[in-house]
Amino acid sequence: MSSKFFLMALAIFLSFAQVVIEANSWWSLGMNNPVQMSEVYIIGAQPLCSQLAGLSQGQKKLCHLYQDHMQYIGEGAKTGIKECQYQFRHRRWNCSTVDNTSVFGRVMQIGSRETAFTYAVSAAGVVNAMSRACREGELSTCGCSRAARPKDLPRDWLWGGCGDNIDYGYRFAKEFVDARERERIHAKGSYESARILMNLHNNEAGRRTVYSLADVACKCHGVSGSCSLKTCWLQLADFRKVGDALKEKYDSAAAMRLNSRGKLVQVNSRFNSPTTQDLVYIDPSPDYCVRNESTGSLGTQGRLCNKTSEGMDGCELMCCGRGYDQFKTVQTERCHCKFHWCCYVKCKKCTEIVDQFVCK
Ligand SMILES: *[C@@H]1O[C@H](CO)[C@@H](O)[C@H](O)[C@H]1NC(C)=O
Ligand SMILES: *[C@@H]1O[C@H](CO)[C@@H](O)[C@H](O)[C@H]1NC(C)=O
Ligand SMILES: *[C@@H]1O[C@H](CO)[C@@H](O)[C@H](O)[C@H]1NC(C)=O
Ligand SMILES: *[C@@H]1O[C@H](CO)[C@@H](O)[C@H](O)[C@H]1NC(C)=O
């Protein structure tokens, strides 16, 4: 897909959806879908970065300079959103994207640990997508990783396969994603200034997590797989690992407050200060149990829960003690699969009636 078409699709989608310009709506770059893509071909207008609602001034400038990068910003945002929804699928807050003011809705106006996670995972998604796009030769301004050979790599192994360009991905993601926060000017000590510091910290934590999980990958050469020769390169970790690591950081995120000099400091001063890889938050989480227009919480009414689980996905916790309804659904699965010569697998369809539970 050419980046021109992608931009057009975005512009059209965004104007149809009447996306209000709002904090962090660069995330909306991750919300394109094939239906909107096809409309592009019909209209065929020239895309303009300035038409992309949701980008800040600085982000629009970067969009003009690096048009071919925008598709990967969008892919990165989408990867981040999907990972967020996976990590929180069994939680009261499930990272759903509903509101039309920003893709995650009003919940993001609260500086909670869920907001912290969302910023981190989307920034991480952008590093991931840009680094890979460089390696795959999709961008005019970067190519394979030029990372130095690791010192501990055995001497007879070759260093130099085409690696993911994480340095470039990190730098571009930092410039683009942080631009919006850096442009906002607020009085020192104000709530908004605390939010900016919080967002910047969590963006960085997300980017660094991608960086620190990247590893050396190698391929064997040599006669009949003897592996006498190896070529190695730098490779991104599977994004699921990034999500898992950030989820752990979410669980141990640090509550922060502004001090008298306008810096974020830990509320509980007995703990070690959070590092650049930790997540930080400044507000308690809203009540995700009940729907609340003003906080943007969707509530858990109608959510599926697990009757026998004692975890967050269990009906007791998920439904916040309101109880649940039971109903039966028919589940169809592939079963009795047989391998046929050659080469396909044929399965039967088995149906089963299962009990499901939804929160009142
Ligand atoms: C979306 O925005 C429009 C106005 O821009 C508003 O009337 C509508 O209620 C919003 N929808 C949601 C789900 O917030
Ligand atoms: C919605 O949330 C706000 C802020 O926490 C709270 O003051 C208000 O009472 C809540 N409204 C409902 C209907 O729960
Ligand atoms: C997330 O929760 C909302 C409301 O609680 C629900 O409408 C939505 O389907 C859920 N999403 C997923 C992926 O479960
Ligand atoms: C419900 O939870 C139990 C206990 O954690 C688990 O063994 C079971 O697989 C879960 N069921 C579903 C449908 O997820």
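In each ligand, atom 1 is the first atom listed, and ligand 1 is the first ligand listed. Quick caveat: nothing in here was measured; it's all calculated off a predicted structure.
Shortest contact from atom 4 (C) of ligand 2 to any protein heavy atom: T295 CG2, 3.9 Å.
Close N/O approach between G299 and ligand 3 is found [any backbone or side-chain N/O within under 3.5 Å]. The shortest N or O to N or O distance between N292 and ligand 2 is under 3.5 Å.
Each of the atoms 1 (C), 2 (O), 3 (C) of ligand 2 lies under 4.0 Å from some heavy atom of S294. For ligand 3, the atoms lying closer than 4.0 Å to a non-hydrogen atom of N94 are 1 (C), 2 (O), 3 (C), 8 (C), 10 (C), 11 (N), 12 (C), 14 (O).
Salt-bridge annotation for D178 and R207: present, with a side-chain N of the basic residue lying under 4.0 Å from a carboxylate O of the acidic one.
In this structure, Y324 and F357 have perpendicular ring planes: the angle between them is above 60°, well past the 30° mark.
Residue contacts with ligand 3, taken as heavy atom pairs separated by less than 4.0 Å, involve R303 solely via side-chain atoms from C-beta onward.
E204 and Y170 are linked by a side-chain donor-acceptor pair at a separation below 3.5 angstrom, with hydrogens and angles left out of the test. The closest side-chain donor-acceptor pair between D68 and S140 falls under 3.5 angstrom.
Under the 4.0 angstrom criterion, atom 11 (N) of ligand 4 counts as having a protein heavy-atom contact.
A distance of 6.0 Å or more separates the ring centres of F176 and Y66.
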